[in-house]
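Single-structure report; data block below.
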Amino acid sequence: MLCRPIKENDIDEISKWKQYEIDLYTPLSELKNMYDCSKRDEFNWLVFHEDNDIIADTYFELDNGLLYYMLRVNPDFQNKGYAKDVFFTSLEHLKKNGVLFNVVIGVVDKENYRAIKLHESLGFKLCETETEFLTYKYYI
């Protein structure tokens with residue numbers, strides 16, 4: 001599995017993935033702002049399959065040793081075990097590039113049962129349930 005920084009022409013492909021965070025009605029200008037990697041301590045890249053199909057995109061933001069993340073899997077690759085590989089490959093990529101963190105934070109919509117199951121299977125611990133979102137922590 002290969003990781004590389006996101007490129008502007010990738011956004012057209014990703015915008016077709018109708019998911020919780022991105023749907024077909026998200027304006028392209030908003031997507032381009034979302035994928036702006038120019039801010040300090042923010043990391044964003046794509047993960048590829050061997051034949052260059054986009055498997056997933058990941059987003060990370062570092063704040064005082066806490067690493068907030070978002071992961072979206074291309075619908076063509078869902079339910080095939082890629083999410084776990086993408087998550088761990090992404091963490092290794094960050095470590096190899098000198099990013100220091102000790103806790104990974106994931107925030108999940110309470111209605112997104114697949115994401116809840118994924119976080120539990122990855123070893124995340126549920127730490128907040130007060131809003132319509134669940135907050136999970138993964139300790140390094």
Side-chain angles (χ1 to χ4, degrees):
M1 209 175 284
L2 303 173
C3 291
R4 72 154 168 79
I6 195 164
K7 297 177 183 173
E8 191 168 336
N9 60 349
D10 297 324
I11 297 169
D12 291 332
E13 178 64 30
I14 292 170
S15 68
K16 297 174 188 172
W17 305 353
K18 188 166 176 65
Q19 296 187 347
Y20 283 89
E21 296 84 8
I22 288 182
D23 63 36
L24 295 174
Y25 306 105
T26 304
L28 205 53
S29 60
E30 276 184 44
L31 288 175
K32 289 179 181 177
N33 288 335
M34 192 169 135
Y35 288 103
D36 178 8
C37 298
S38 62
K39 297 177 184 140
R40 188 173 173 271
D41 291 336
E42 293 183 13
F43 313 92
N44 202 346
W45 65 86
L46 295 179
V47 180
F48 285 86
H49 193 264
E50 289 75 25
D51 63 4
N52 277 345
D53 287 334
I54 301 173
I55 294 174
D57 78 315
T58 56
Y59 173 79
F60 294 91
E61 185 172 339
L62 187 61
D63 184 21
N64 294 323
L66 299 175
L67 188 67
Y68 294 86
Y69 93 102
M70 180 176 63
L71 178 141
R72 287 185 303 256
V73 177
N74 178 337
D76 294 340
F77 292 92
Q78 291 178 1
N79 299 315
K80 297 179 181 177
Y82 283 107
K84 287 181 184 181
D85 290 341
V86 168
F87 177 73
F88 290 116
T89 299
S90 298
L91 292 185
E92 286 303 311
H93 180 81
L94 289 172
K95 289 177 190 176
K96 286 179 185 175
N97 285 285
V99 179
L100 303 175
F101 55 95
N102 50 26
V103 178
V104 181
I105 306 288
V107 179
V108 177
D109 186 310
K110 283 184 177 179
E111 303 295 318
N112 190 344
Y113 301 108
R114 288 174 36 193
I116 293 168
K117 184 178 174 182
L118 172 67
H119 281 76
E120 291 170 354
S121 73
L122 288 171
F124 278 80
K125 304 294 181 206
L126 181 62
C127 63
E128 163 122 21
T129 62
E130 297 299 316
T131 67
E132 67 268 15
F133 298 99
L134 304 173
T135 302
Y136 287 90
K137 288 186 179 181
Y138 180 84
Y139 297 92
I140 304 299

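None of the values given here were measured: they were computed from a predicted structure. Nothing fancy with the numbering, it's 1 onward along the sequence.
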Please tabulate, for the side chains in residues 129-140, all donor-acceptor contacts under 3.5 angstrom to protein atoms that are two or more places apart in sequence or on a different chain.
unit_1, atom_1, unit_2, atom_2, d
T131, OG1, F133, N, 3.0
T131, OG1, F133, O, 3.3

message: Apply side-chain contact (heavy atoms from CB on, under 4.5 Å) to residues L91 and F60 and explain how you reach the verdict.
response: CA-CA 10 Å; L91 292 185; F60 294 91; 4.2 Å; yes
*Does a side-chain heavy-atom distance below 4.5 Å link V47 with Y82?*
no
Nearest heavy-atom approach of K110 to Y113 is O-CE2, 3.7 Å
**Report entry** Side chains of N79 and R114 in contact at under 4.5 Å (non-hydrogen atoms)
**Finding:** yes
Review point. Just by modelled atom types, is the A115 backbone N or O under 3.5 Å from a matching donor or acceptor in the N112 side chain?
Key: yes
Looking only at heavy atoms, the pair that brings A83 and L71 closest together is O-CD1, 4.0 Å
Quick one, L67 and E61 - any side-chain contact, counting heavy atoms below 4.5 Å? no
Minimal heavy-atom distance between D109 and I116, with the atoms involved, is O-CD1, 4.2 Å
(message) side-chain contact (heavy atoms from CB on, under 4.5 Å), that's the test. Do T58 and M70 meet it? Break it down for me.
(response) CA-CA 6 Å; T58 56; M70 180 176 63; over 6 Å; no
Rounded to the nearest 0.5 Å, the CG atom of L2 sits from the CD1 atom of I55 at a distance of 8.5 Å
Applying side-chain contact (heavy atoms from CB on, under 4.5 Å) to N97 and not counting sequence neighbours gives H93
Can you check side-chain contact (heavy atoms from CB on, under 4.5 Å) on I105 and V103, steps first, answer last? CA-CA 6 Å; I105 306 288; V103 178; 3.8 Å; yes
Residues 116-129 vs salt bridge (charged side-chain N to carboxylate O under 4.0 Å, His left out), sequence neighbours excluded, gives none
Establish, yes or no, whether a centroid distance under 6.0 Å links the rings of F124 and F87.
yes
Closest non-hydrogen atoms of Y68 and D63, given as atom of the first, atom of the second and distance, are CE1-CB, 4.1 Å
Worksheet item: Under a 4.0 Å N-O cut-off, is there an ion pair linking D85 with K80?
Response: no
Looking only at heavy atoms, the pair that brings F48 and M1 closest together is O-CG, 3.4 Å
Side chain to side chain, L66 and N64, heavy atoms closer than 4.5 Å: no
Value for CD1 (I54) from CG (D76), rounded to nearest 0.5 Å, stands at 10.5 Å
Within the 4.5 Å heavy-atom criterion, are K84 and L122 side-chain neighbours or not? yes
For V73 and Q78, the nearest pair of non-hydrogen atoms, with its separation, is O-NE2, 2.9 Å
Output for pair (C3 SG, K96 NZ), nearest 0.5 Å, gives 9.0 Å
